[in-house]
Enquirer: 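Before I ask anything, here is the structure I am working with.
It should be emphasised that the depicted structure is a prediction, and the values quoted were computed from it without experimental measurement.
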Amino acid sequence: MLNAMQQRAVTTNQASALILSGAGTGKSSVLVARIQHLLEQGTPAQAIMAISFTNKAANEIKQRLAAQQLPSLNELWLGTFHSLCFKLLMMHTKGKGKVISQSQQLSIIKNLVSTLGIEMDAKKVLGFINAKKDHGLRAKESDELFEQLYSAYEKHCEAQSLMDFGELLLRTYELLSGHSALLTHYQNQFEYVLVDECQDTNAIQFAFLKLLTLPKQNLFIVGDDDQSIYGFRGAVVENMTQFQSDYPAHELVKLEQNYRCSKTILDAANHVIAHNKQRMSKVLRTDNPMGEAITVFAANDAEKEARFIVGEIQRLQAQGHGLQEIAVLYRTHSQSDVLTDHLLQAQIPYFIARGQRFFDRKEIKLVLCYLQLALDCHDNGALEVCLNTPVRGIGLATRQRMETLANQQEISSWQALEQLIEIQEVSGKTLQGITDFMILIKRLQEIVPVLSLGEALQAIIDETGLIAWFSRSDDGQERLDNLDELLQLAGNFKEEPSIELNVFEQFLAHACLSTQEEQGIGVQLMTLHASKGLEFETVFLMGLEQDLFPSKNGLLEEERRLMYVGITRAKQRLFLTHAKQRQLYGNTRQQQPSRFLAEIPERLVNALKDKPAITLKLPQGLALPTPAYA
DNA sequence: TAATCAGCTTTTTTT
DNA sequence: AAGCTGATTA
């Protein structure tokens with residue numbers, strides 16, 4: 001059932017609207033209901049574009065609509081900015097262009113930096129380029145080294161028809177703004193454009209939205225300025241205020257009734273976020289009971305902190321609480337290690353919403369690169385990955401010769417390999433290795449096209465001997481499990497009929513664009529960023545220490561919003577922990593409690609202290625023996 | 001010439 | 001603690 005405000009958001013006759021919706025106010029339900037309402041009013045599905053923040057969120061919306069038995073949902077333009085832009089580009093550029101992930105992007109830049117002989121941090125260059133693209137800016141003629149590298153990178157991608165994430169958006173924007181007929185077509189097609197999590201849109205995304213909807217003023221945005229946590233990625237909260245002046249006739253609806261959190265938890269969240277100066281006005285309230293006090297635990301060190309959390313989880317488990325309903329949130333991925341050690345010891349199942357994205361893992365990337373080579377052996381990036389894995393005796397020297405040859409003659413790496421053999425530049429083990437490799441790829445080229453996606457991946461795994469290769473490494477089992485998971489994903493993959501790519505190409509693009517991994521069994525471990533949009537009965541927020549959270553380099557107000565997001569994930573129970581001492585970058589550091597802790601009223605808190613550290617008093621002249629292990 | 005090993009920096013957050 | 005570079009060994 002929807003409340004009056006939600007109802008108003010769903011049924012407004014204004015095509016443009018700003019739905020300012022706080023945490024736990026039923027925003028997803030509103031979005032789904034709004035789409036349903038439009039469809040029931042007779043709006044054709046293809047006239048609706050709905051943009052969500054993650055693919056997972058898009059799938060959820062689709063599921064919920066499907067449950068309402070609405071027709072022609074496949075016609076709906078539903079997805080992330082990136083996936084929708086990809087679809088648009090594929091429809092109008094005849095399937096030209098491959099999507100590359102950030103890690104592929106980085107390796108291109110590394111190559112570029114080293115071949116140009118420039119002393120520069122590749123990651124910084126990557127950051128620069130992505131920031132430019134987020135702002136919708138192309139490389140410009142300049143003396144500045146960054147700009148020159150950006151320009152070189154652009155040329156490289158152009159030549160290899162590669163598209164990174166930013167490129168998808170930028171190019172779509174340019175496609176539409178440069179072809180007035182096409183633009184008019186889409187402006188007419190879409191009667192309603194809806195955007196979720198709009199507080200996290202960046203400049204180019206908002207420009208794209210305006211391009212599409214400014215004339216008809218048909219943009220419906222949902223968001224919460226207090227939950228804007230992607231500034232580092234170019235998100236501009238100001239897009240929400242900008243919207244208000246760009247779409248003057250818009251309806252403004254505030255959703256302030258929280259259905260998720262206990263009074264105590266919401267009270268704490270409200271107090272914390274009140275310390276931010278830049279906010280749109282909005283006050284959350286709830287009819288939920290007071291609930292339990294918030295537990296704050298000051299641990300002597302990170303070890304004790306983890307032990308405390310595990311102990312509390314065991315207690316909750318004994319009381320009959322499901323592990324699925326418990327989450328531990330932290331600021332950085334590296335914090336999870338201590339905790340998983342203890343969870344493992346206590347034999348408590350857990351699931352980490354991966355730091356390393358599934359498709360970025362070595363074993364997965366390899367299989368996909370082999371698939372890529374089977375489709376197109378001139379893909380230099382994929383060739384570089386596969387050439388010597390499993391080991392074939394092709395080392396750095398050979399690789400460099402190949403690259404030089406390829407650069408000189410302007411041919412692909414594959415062709416360079418052919419030439420190396422032809423001009424008898426290589427011999428012995430290396431020659432054998434290259435020959436084996438080329439025979440393997442040629443064989444894959446033959447068999448893959450006649451197989452289904454699942455069969456093709458299975459064939460690649462078999463033919464390359466990857467199982468044997470990974471069995472040798474100590475984390476082999478995990479890698480083999482991942483390969484199984486990949487086969488499963490491939491088995492369930494549905495191809496999109498409206499674009500001119502075969503199922504293999506679509507799967508490769510999907511691999512880059514999707515975040516994924518459904519939630520697994522057990523206690524849920526994830527970064528605060530990854531927790532956005534989720535909710536749990538019990539939430540542990542760990543590592544609440546100055547310079548860690550709030551992070552040293554972060555902007556304070558954004559860090560505080562992150563804290564706000566973290567607190568409001570909890571429905572019934574919230575634990576906040578910090579350690580007085582922890583290992584950071586190798587050495588032990590004394591840590592001060594996070595300033596955010598002091599921003600929570602004491603009356604809401606039950607403060608626990610760690611047992612005092614035991615200090616042994618030794619007789620004069622005696623020293624403790626140093627332990628054999630540390 | 002390639003594979004392996006040991007010592008070096010290096011950390012936020014992600015479509 | 002992990003990933004990368006440089007040195008060492010086969």
Enquirer: Looking at Arg279(A) and Asp226(A), is any side-chain nitrogen of the basic one under 4.0 Å from a carboxylate oxygen of the acidic one?
Expert: yes
Enquirer: Of all the choices, dA2(B), dA1(C), dA3(B), which nucleotide is nearest to the side chain of Asn388(A) once you look at every atom?
Expert: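 My answer, after comparing the listed nucleotides, is dA3(B).
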Enquirer: When you compare the ring of Phe232(A) with the six-membered ring of dT13(B)'s base, are the centres less than 5.5 Å apart and the planes under 30° from each other?
Expert: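 Yes; by the centre-distance and plane-angle rule, Phe232(A) counts as stacking on dT13(B).
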Enquirer: Students often get this wrong, so: under 4.0 angstrom with heavy atoms, is Thr332(A) touching a base, only sugar-phosphate, or nothing?
Expert: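 Sugar-phosphate contact only - Thr332(A) comes under 4.0 Å of backbone atoms but never of a base.
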Enquirer: Counting side-chain heavy atoms from CB outward, which of dT13(B), dA2(B), dA3(B) is closest to Val391(A)?
Expert: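 Taking heavy atoms from C-beta onward, the closest nucleotide is dA3(B).
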Enquirer: Decide, yes or no, whether a salt bridge links Arg595(A) with Glu545(A) under the criterion of side-chain N to carboxylate O below 4.0 Å.
Expert: no
Enquirer: Salt bridge or not for Asp196(A) and Lys27(A), using N-O below 4.0 Å?
Expert: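 A salt bridge is present here (some side-chain N lies under 4.0 Å from a carboxylate O).
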Enquirer: Side chain of Thr398(A): nearest nucleotide among dT1(B), dA2(B), dT11(B)?
Expert: dA2(B)
Enquirer: Could you tell me whether Phe549(A) contacts a base, only the sugar-phosphate backbone, or nothing, with contacts defined as non-hydrogen atoms closer than 4.0 Å?
Expert: nothing
Enquirer: Please tell me which of the listed nucleotides, dT15(B), dC4(C), dT12(B), lies nearest to the side chain of Gln102(A)?
Expert: dT15(B)
Enquirer: Please give, in whole Å, the distance from dT12(B) P to Glu557(A) CD?
Expert: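 Between P of dT12(B) and CD of Glu557(A): 22 Å.
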Enquirer: Inspect the contact between Asp200(A) and Lys532(A) and indicate whether a charged nitrogen and a carboxylate oxygen are less than 4.0 angstrom apart.
Expert: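 Yes.
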Enquirer: Relative to the 5' end of DNA chain B, which residue comes earlier, Gly393(A) or Asn202(A), by the nucleotide with the nearest heavy atom?
Expert: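 The 5'-side residue here is Gly393(A).
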Enquirer: So if I take every side-chain heavy atom of Thr527(A) and compare against dT1(B), dT14(B), dT15(B), which nucleotide ends up nearest?
Expert: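 Among the listed nucleotides, the one closest to the side chain of Thr527(A) is dT14(B).
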Enquirer: Ignoring the backbone of Ala530(A), work out which of dT12(B), dT14(B), dT15(B) is nearest its side chain.
Expert: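 The answer is dT14(B).
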Enquirer: Atom CD1 of Ile100(A) and atom P of dT15(B): how far apart are they, to the nearest Å?
Expert: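 Roughly 16 Å, once rounded to whole Å.
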Enquirer: Could you state the atom-to-atom distance from CZ of Arg589(A) to C1' of dT11(B) in whole Å?
Expert: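 Computing the Arg589(A):CZ to dT11(B):C1' distance gives 12 Å.
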Enquirer: Nearest whole angstrom, please: distance from the C1' of dT1(B) to the CD of Gln432(A).
Expert: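 Distance, rounded to whole Å: 16 Å.
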Enquirer: Looking only at side chains, do Glu303(A) and His342(A) share a donor and an acceptor under 3.5 Å apart?
Expert: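 Checked: Glu303(A)/His342(A) side chains pair up, N/O donor to acceptor below 3.5 Å.
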Enquirer: Within the pair His333(A) and dT14(B), is there a side-chain N or O less than 4.0 Å away from OP1 or OP2?
Expert: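 Yes.
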Enquirer: Please state the P separation for the pair dT13(B) and dC4(C) - nearest whole angstrom.
Expert: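 Here dT13(B) and dC4(C) have their P atoms 16 Å from each other.
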Enquirer: How is Ser83(A) classified with respect to the nucleic acid when contacts are heavy atoms under 4.0 Å: base, sugar-phosphate, or nothing?
Expert: nothing
Enquirer: Which one, dC4(C), dT1(B), dT13(B), comes nearest to the side chain of Lys110(A)?
Expert: dC4(C)
Enquirer: Could you tell me how far apart Phe86(A) (CZ) and dT15(B) (C1') are, to the nearest whole angstrom?
Expert: 14 Å
Enquirer: dT12(B) P sits how many Å from Met526(A) CE, rounded?
Expert: 21 Å
Enquirer: When all nucleic acid strands are considered with a 4.0 Å heavy-atom cut-off, which category describes Tyr230(A): base, sugar-phosphate, or nothing?
Expert: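 Sugar-phosphate contact only - Tyr230(A) comes under 4.0 Å of backbone atoms but never of a base.
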Enquirer: State which of dT15(B), dT14(B), dT12(B) makes the closest approach to the side chain of His82(A).
Expert: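 For His82(A), the side-chain atoms sit closest to dT15(B).
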Enquirer: For residues Asp436(A) and Gln432(A), is any side-chain donor paired with an opposing acceptor at under 3.5 Å?
Expert: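 Present: a donor and an acceptor within the cut-off.
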Enquirer: Rounded to whole Å, please give me the gap between CZ in Phe53(A) and P in dT13(B).
Expert: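 In whole Å, dT13(B) P and Phe53(A) CZ are 15 Å from each other.
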Enquirer: Would you state whether a donor and an acceptor, one from the side chain of Arg233(A) and one from the base of dT13(B), lie under 3.5 Å apart?
Expert: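 Flag unset: no donor-acceptor pair detected.
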Enquirer: Assuming nearest nucleotide by heavy-atom distance, tell me which of Arg401(A) and Glu558(A) is located more 5' along DNA chain B.
Expert: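 Nearest nucleotide further toward 5': that of Arg401(A).
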Enquirer: Can you tell me the distance, in whole Å, between the NZ atom of Lys56(A) and the P atom of dT14(B)?
Expert: 13 Å
